[in-house]
Amino acid sequence: MSKPRAVFLDALSLGPADLAPLERHVELICWPSTPPELRLERLEGAAIAITNKIRLDGELLRQLAQLRLICAASTGTDQIDGQACSELGIAVRNAGRYSTASVVQVTWALILELVCDLQTRRRQVLQGDWQRSPVFSLVEPEFNELAGRTLTVLGAGTIGRGVAAVAEAFGMEVRLITSRSSAAELEAALRQADVLSLHAPLTQASRGLINAERLGWLKPAAVLVNLGRGGLIELPALVEALTRGALAGAALDVLDKEPPGDEMEALKKVPNLILTPHIGWASRQARQRLVAALAAELQSHIGG
């Protein structure tokens, strides 16, 4: 019995991952990436599409009569037109919880960098400031402990709860909210936050949720990290808050446009803004768990 044909539209997005588990179940065709104008040509005749970030819209899907399954090589499925898939009888599966440990780890790496400012400490050593000190330690700029402070987590899924568990180990108070929380709950949680960590999915309800008004609810000494989706934040409002000192710092692992373009030059000049290239999900182990999850979905689909 021949294997169904599966096309991975942006396999390069997984880096040097071992895709052999997928090939046990399908005839796999991998493209490093796929521009919009080549999606139809590459998916014609395929029973299965695999996509990480390549958009699969209804207009495209209606031209792919043989397509029966779309596997998202990610947790989110916002790149796939779910309504069109439902109308056309195309199943949609994602990779589930493969990235939890990786995202939680990078989240805390960024929180600790914002709070402890280790880049400045390293610069003090490299520039000779420590060596010239009349005492054994450089204590400025000062930093605060996390114990006794409040972490507000937007997104109460597996990742959000994982971030919260680490906060409790630091002795922090934790507030868990979602994009469906009431306006009063959201305002109270943001006003209490010393650290705000974003892990919610991007939906119509959550897009631009952290806007100028809600940034104004945060304490000037608070810091914000986003490892959810770039669209959760109105970026110009965040830049303005950081520039005028209304927020102590922010770290973004995600942007609404990825990779960024010319706007990056302006972002690099924003004080107290750390930018990382969407790495939270991407530990070596997480990427291989993702492949294993996709293989399991293929096996389940093919087996009925």
Side-chain angles (χ1 to χ4, degrees), residues 76 78 103 106-117 119 141 143-144 146 148-157 159-160 163-164 167 172-258 260 263-278 280:
D78 47 285
V103 176
V106 174
T107 297
W108 277 101
L110 292 174
I111 292 173
L112 292 171
E113 177 55 48
L114 286 170
V115 172
C116 297
D117 194 8
Q119 292 186 65
F143 68 96
N144 294 305
L146 291 169
R149 295 180 177 268
T150 299
L151 169 72
T152 292
V153 180
L154 175 62
I159 291 173
V163 170
M172 299 185 75
E173 300 292 326
V174 176
R175 293 290 305 270
L176 277 171
I177 54 173
T178 73
S179 57
R180 296 183 298 278
S181 296
S182 70
E185 289 172 326
L186 179 62
E187 180 173 356
L190 293 186
R191 289 191 183 280
Q192 292 171 8
D194 296 294
V195 180
L196 173 61
S197 193
L198 307 183
H199 302 282
L202 183 62
T203 64
Q204 288 185 342
S206 65
R207 178 170 285 280
L209 187 67
I210 306 302
N211 55 23
E213 179 186 13
R214 288 162 181 157
L215 286 166
W217 295 343
L218 294 169
K219 304 170 185 177
V223 296
L224 175 156
V225 296
N226 185 11
L227 281 89
R229 289 288 185 269
L232 295 172
I233 299 175
E234 288 187 358
L235 189 57
L238 175 63
V239 167
E240 195 273 337
L242 290 168
T243 301
R244 65 183 175 87
L247 190 65
L252 309 179
D253 187 48
V254 288
L255 295 174
D256 209 18
K257 177 187 175 185
E258 296 176 341
E263 68 273 16
M264 180 56 73
E265 290 306 309
L267 291 176
K268 287 192 294 187
K269 299 174 184 177
V270 178
N272 301 325
L273 175 61
I274 298 171
L275 297 168
T276 51
H278 203 146

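All values derive from a computational prediction rather than experimental measurement.
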So, the side chain of [X] versus the backbone of [Y]: is there a donor-acceptor pair under 3.5 Å, distance only?
X: Asp253; Y: Leu227; value: no
X: Ser181; Y: Ile177; value: no
X: Trp217; Y: Ala188; value: no
X: Ser206; Y: Leu232; value: no

Atom of [X], atom of [Y] and distance for their closest heavy-atom approach:
X: Ala193; Y: Thr152; answer: CB-OG1, 3.4 Å
X: Pro220; Y: Gly245; answer: CB-O, 4.2 Å
X: Leu110; Y: Ala251; answer: CB-CB, 3.9 Å
X: Val174; Y: Ala167; answer: CG2-CB, 3.8 Å

Could you measure the distance from the [atom1] atom of [X] to the [atom2] atom of [Y]? Nearest 0.5 Å is fine.
X: Leu255; Y: Met264; atom1: CG; atom2: CE; value: 5.5 Å
X: Thr203; Y: Leu209; atom1: OG1; atom2: CG; value: 8.5 Å
X: Leu224; Y: Leu114; atom1: CG; atom2: CG; value: 9.0 Å
X: Asn272; Y: Leu247; atom1: CG; atom2: CG; value: 8.5 Å
X: Ile233; Y: Asn226; atom1: CD1; atom2: CG; value: 4.0 Å
X: Glu258; Y: His278; atom1: CD; atom2: NE2; value: 5.5 Å

Taking C-beta and beyond as the side chain, do [X] and [Y] meet within less than 4.5 Å on heavy atoms?
X: Leu275; Y: Leu273; answer: yes
X: Leu196; Y: Ile210; answer: yes
X: Arg180; Y: Thr178; answer: yes
X: Leu151; Y: Asp194; answer: no
X: Leu238; Y: Leu252; answer: yes
X: Leu215; Y: Asn211; answer: no
X: Thr150; Y: Arg175; answer: yes
X: Val225; Y: Leu198; answer: no

query = Under 4.0 Å between a Lys/Arg side-chain N and an Asp/Glu carboxylate O for Glu187 and Arg191?
reply =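 Looking at Glu187 and Arg191, the cut-off is met.
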ask   = Does a side-chain N-to-carboxylate-O contact under 4.0 Å join Arg207 and Asp256?
value =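 Salt bridge: yes.
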inquiry  = Glu240: which residues meet the salt bridge (Lys or Arg N to Asp or Glu O under 4.0 Å) condition with it, sequence neighbours left out?
reply    = Arg244
key: side-chain contact (heavy atoms from CB on, under 4.5 Å) between Leu235 and Glu263, intermediate numbers included   = CA-CA 11 Å; Leu235 189 57; Glu263 68 273 16; 5.9 Å; no
Arg149/Glu173 under side-chain contact (heavy atoms from CB on, under 4.5 Å): CA gap, chis, key distance, verdict = CA-CA 6 Å; Arg149 295 180 177 268; Glu173 300 292 326; over 6 Å; no
inquiry  = Under the criterion side-chain contact (heavy atoms from CB on, under 4.5 Å), I'd like the reasoning laid out for Phe143 against Asp117: C-alpha separation, chi angles, the key distance, then a yes or no.
reply    = CA-CA 8 Å; Phe143 68 96; Asp117 194 8; over 6 Å; no
query = Does Gln204 CD have over 12 foreign heavy atoms under 6.0 Å away?
reply = no
key: More than 12 heavy atoms from other groups under 6.0 Å of CD on Gln192   = yes
query = Would Ser197 and His199 count as having a side-chain donor-acceptor pair, cut-off 3.5 Å?
reply =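 There is such a pair (donor and acceptor under 3.5 Å, judged by atom type) between the side chains of Ser197 and His199.
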